[in-house]
S.K.: 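My questions all concern the structure below.
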Amino acid sequence: MSPPSGNINNGSESAAEVNWDELGFNLVTTDYMYVMKCAKGDKFSEGSLLPYGNIEISPCSGILNYGQGIFEGLKAHRTEDGRILLFRPDENGLRMKRGADRMCMPSPSVDQFVNAVKLTVLANKRWVPPLGKGSLYLRPLLIGTGPLLGLAPAPEYTFLIYCSPVGSYHKGALNLKVEDKLYRAISGSGGTGGIKSVTNYAPVYTAIIDAKANGFSDVLFLDSATGKYIEEASACNVFVVKGNTISTPSLDGTILPGITRKSIIEVAIDLGYQVMERAVSVEEMLVADEMFCTGTAVVVNSVASVSYKETTRDYKTGPETLSAKLRKTLVGIQTGCLEDKKSWTVTIS
């Protein structure tokens, strides 16, 4: 596949008009997006880079009428010597395939997925922030775009990647509110909590808006079966620390298998900590020494406090915490500042 005309990969790179010091987690439109289409029953083949812009879609499409769609999120980082690194993009490709299978959609192969991500980054490389100023966030979408009226899988699908330079998702440590009336996923393996279905996210808006109106950073959801065990925040996995033991809710079908989560577990084990994937009760969380969240957007973010009904628990924060140590290690690998002994990073320039 040839890139569109214009100076994309010829080595000359005009500067993006961005104040990197004021970069937040908001959309900054970039130059190109990647688009690939596939009919139901076929396989994805060749896609193309197109100027970033609106797409045309049928009002009767599967995504608009029945929510048939999934997405991914990953980042490209610039190193001190100017290279650009991806972090475990094959894991995103595998997770998209699992989600597509659950939602009855064809999906790109892992190789197609990674290649499309690389092309998107190269076409928008001037938007990758300098080291220490942020990253280029990539959002791959897989959506049912073919028209249909009855309840059934769409006749055509679109795989699309757009990107935006971003800074920190949250500013500082988090103050979480435990939501005990609304739930993000049904308990057990029968629902879609374990995949990145687009239908998983809008239902949490009510809880988030209420929490933020009352001064909280985010919401922590409980299991829907008993209301006794913690699951996830609105868009990130959670960990609690007690002594030398780190515990995180197990992947039982409602918890998203986060790639940052998976990586942090490995890093923590390498640092000598015991990591347990199991059910974590609210009571256990409230007596933990430390708590933190992980995700592509938040990276590793410490939790300053959690409020559950009339109880508020404060946790350790600051540079001496385990979460700070884990974040420093992970970001060091992602940005090429630390040796990548696990071959997690992929150099694309």
Side-chain angles (χ1 to χ4, degrees), residues 72-81 83-95 98 110 114 117 131-132 134-135 137 168-170 173-174 194 230-233 235-252 255-280 284-285 287-304 315-348:
E72 278 297 323
L74 66 161
K75 291 176 176 176
H77 297 267
R78 196 178 291 275
T79 65
E80 188 174 12
D81 60 5
R83 294 175 297 128
I84 300 175
L85 301 180
L86 295 172
F87 183 73
R88 308 189 78 172
D90 55 318
E91 291 286 341
N92 294 93
L94 287 167
R95 190 169 64 182
R98 291 193 297 269
V110 173
V114 174
V117 169
L131 176 64
S135 57
Y137 183 86
S168 298
Y169 190 78
H170 290 292
L174 306 179
I230 64 173
E231 288 199 334
E232 289 187 10
C236 50
N237 298 116
V238 294
F239 291 75
V240 297
V241 184
K242 188 71 173 179
N244 197 56
T245 301
I246 305 169
S247 300
T248 188
S250 55
L251 303 178
D252 61 356
I255 306 296
L256 185 72
I259 295 160
T260 307
R261 173 190 183 276
K262 180 177 182 178
S263 305
I264 284 299
I265 288 173
E266 293 190 45
V267 170
I269 291 172
D270 290 345
L271 292 175
Y273 290 87
Q274 180 184 18
V275 180
M276 302 180 69
E277 297 180 70
R278 58 179 178 81
V280 179
E284 182 181 353
M285 174 192 68
V287 296
D289 300 326
E290 186 181 342
M291 185 172 180
F292 60 89
C293 299
T294 65
T296 299
V298 304
V299 192
V300 181
N301 211 128
S302 60
V303 174
Y315 299 100
K316 298 176 183 177
T317 60
E320 302 304 317
T321 58
L322 173 60
S323 61
K325 183 188 300 184
L326 293 172
R327 180 186 177 97
K328 183 177 181 180
T329 302
L330 183 69
V331 172
I333 295 170
Q334 291 175 332
T335 58
C337 295
L338 293 178
E339 182 183 357
D340 177 15
K341 297 178 181 179
K342 297 180 180 293
S343 299
W344 281 346
T345 58
V346 176
T347 303
I348 57 174

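Owing to the predicted nature of the structure, the values given are computational and were not obtained by experimental measurement.
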S.K.: Which pairs with one or both residues in residues 316-348 pass ring-ring contact (aromatic ring centres under 6.0 Å, His included), sequence neighbours excluded?
M.R.: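 Found Phe87-Trp344.
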S.K.: Using the test side chain to side chain donor-acceptor pair (under 3.5 Å), find all partners of Arg98 that sit at least two apart in sequence or belong to another chain.
M.R.: none
S.K.: A side-chain contact here means heavy atoms from C-beta on lying under 4.5 Å apart; do Ser247 and Lys242 qualify?
M.R.: no
S.K.: What distance separates Thr245 OG1 from Gln274 CD, expressed to the nearest 0.5 Å?
M.R.: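 One finds 4.0 Å between OG1 of Thr245 and CD of Gln274.
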S.K.: Per the salt bridge (Lys or Arg N to Asp or Glu O under 4.0 Å) rule, what does the pair list look like for residues 319-329, sequence neighbours excluded?
M.R.: none
S.K.: Measure the spacing between CD of Gln334 and CG of Leu86 and express it to the nearest 0.5 Å.
M.R.: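 These two atoms lie 11.0 Å from each other.
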S.K.: Donor-acceptor check, side chain of Thr321 to backbone of Thr317, threshold 3.5 angstrom: yes or no?
M.R.: no
S.K.: Examine distances only and state if a side-chain atom of Glu232 and a backbone atom of Leu256 form a donor-acceptor pair shorter than 3.5 Å.
M.R.: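 Yes, Glu232 side chain to Leu256 backbone: donor-acceptor pair under 3.5 Å.
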S.K.: Might you point out which heavy atoms bring Phe292 and Ser323 nearest each other, and give the distance in Å?
M.R.: CB-CB, 3.6 Å
S.K.: Using modelled atom types only, decide if a donor and an acceptor are shared between the side chain of Thr248 and the backbone of Val238 within a distance under 3.5 Å.
M.R.: yes
S.K.: Could you tell me which residues satisfy ring-ring contact (aromatic ring centres under 6.0 Å, His included) with Tyr273, sequence neighbours excluded, listed by chain and number?
M.R.: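 So Tyr273 forms no ring-ring contact (aromatic ring centres under 6.0 Å, His included) with any residue.
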S.K.: For the side-chain contact (heavy atoms from CB on, under 4.5 Å) test, which of Leu330, Leu322, Thr329 pairs with Val300?
M.R.: Leu330
S.K.: Name all residues meeting the ring-ring contact (aromatic ring centres under 6.0 Å, His included) criterion together with Tyr169; count only those two or more places apart in sequence or in a different chain, and write none if there are none.
M.R.: Phe25
S.K.: If the condition is side chain to side chain donor-acceptor pair (under 3.5 Å), which residues does Asn92 pass it with, not counting sequence neighbours?
M.R.: Glu72
S.K.: Which residues pass the salt bridge (charged side-chain N to carboxylate O under 4.0 Å, His left out) test with Asp270, not counting sequence neighbours?
M.R.: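 Partners of Asp270 by the salt bridge (charged side-chain N to carboxylate O under 4.0 Å, His left out) criterion, ordered by chain and then number, come out as Lys342.
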S.K.: Please identify each residue that fulfils side-chain contact (heavy atoms from CB on, under 4.5 Å) with Ala288, with sequence neighbours left out.
M.R.: Val240, Tyr315
S.K.: I'd like to know if the side chain of Asn237 and the backbone of Pro249 have a donor-acceptor N/O pair within less than 3.5 Å.
M.R.: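 Judged by distance alone, no pair lies under 3.5 Å.
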S.K.: Identify the two heavy atoms, one from Cys293 and one from Cys236, that lie closest to each other, and give their separation to 0.1 Å.
M.R.: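 Heavy-atom minimum between the residues: CB-SG, 3.6 Å.
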S.K.: For the OG atom of Ser343 and the CD1 atom of Ile333, what is their distance to the nearest 0.5 Å?
M.R.: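 Going from OG on Ser343 over to CD1 on Ile333, the span is 11.0 Å.
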S.K.: Of all residues at least two apart in sequence or in a different chain, which pass the side chain to side chain donor-acceptor pair (under 3.5 Å) check with Ser302?
M.R.: none
S.K.: Name all residues meeting the side-chain contact (heavy atoms from CB on, under 4.5 Å) criterion together with Thr79; count only those two or more places apart in sequence or in a different chain, and write none if there are none.
M.R.: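 Result, side-chain contact (heavy atoms from CB on, under 4.5 Å) vs Thr79: Asp81, Arg83, Leu85.
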S.K.: For Lys75, does the NZ atom have more than 12 heavy-atom neighbours from other residues, nucleotides or ligands under 6.0 Å away?
M.R.: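 It does: Lys75 NZ has more than 12 such atoms within range.
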S.K.: Specify the closest pair of heavy atoms between Leu74 and Pro89, including all atoms of both residues, with the distance to one decimal.
M.R.: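 Scanning both residues, the minimum pair turns out to be CD1-CB, 3.9 Å.
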S.K.: What is the minimum heavy-atom distance between Ala279 and Ser250, and which atoms define it?
M.R.: N-OG, 4.3 Å
S.K.: Which pair of heavy atoms, one from Val275 and one from Ala268, lies closest together, and at what distance?
M.R.: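 Looking at all heavy atoms of both residues, the closest pair is CG2-CB, 3.9 Å.
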S.K.: With sequence neighbours excluded, tell me which residues meet side chain to side chain donor-acceptor pair (under 3.5 Å) with Glu231.
M.R.: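 Residues passing side chain to side chain donor-acceptor pair (under 3.5 Å) with Glu231: Thr254.
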S.K.: Pairs in or reaching into residues 256-268: which pass side-chain hydrogen bond (donor to acceptor under 3.5 Å, both in side chains), with residues at least two apart or in two chains?
M.R.: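 Listed once each, the pairs are Arg88-Ser263, Glu91-Lys262, Arg261-Glu277.
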S.K.: Just how far is it from atom CG of Leu131 to atom OG1 of Thr335, taken to the nearest 0.5 Å?
M.R.: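 These two atoms lie 5.5 Å from each other.
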S.K.: Rounded to the nearest 0.5 Å, what's the gap from CG on Leu326 to OG1 on Thr294? Could you check?
M.R.: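 Going from the CG atom of Leu326 to the OG1 atom of Thr294 covers 10.0 Å.
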S.K.: Identify the heavy atoms of Gly243 and Asp289 that sit nearest to each other, and give their distance.
M.R.: N-OD2, 2.9 Å
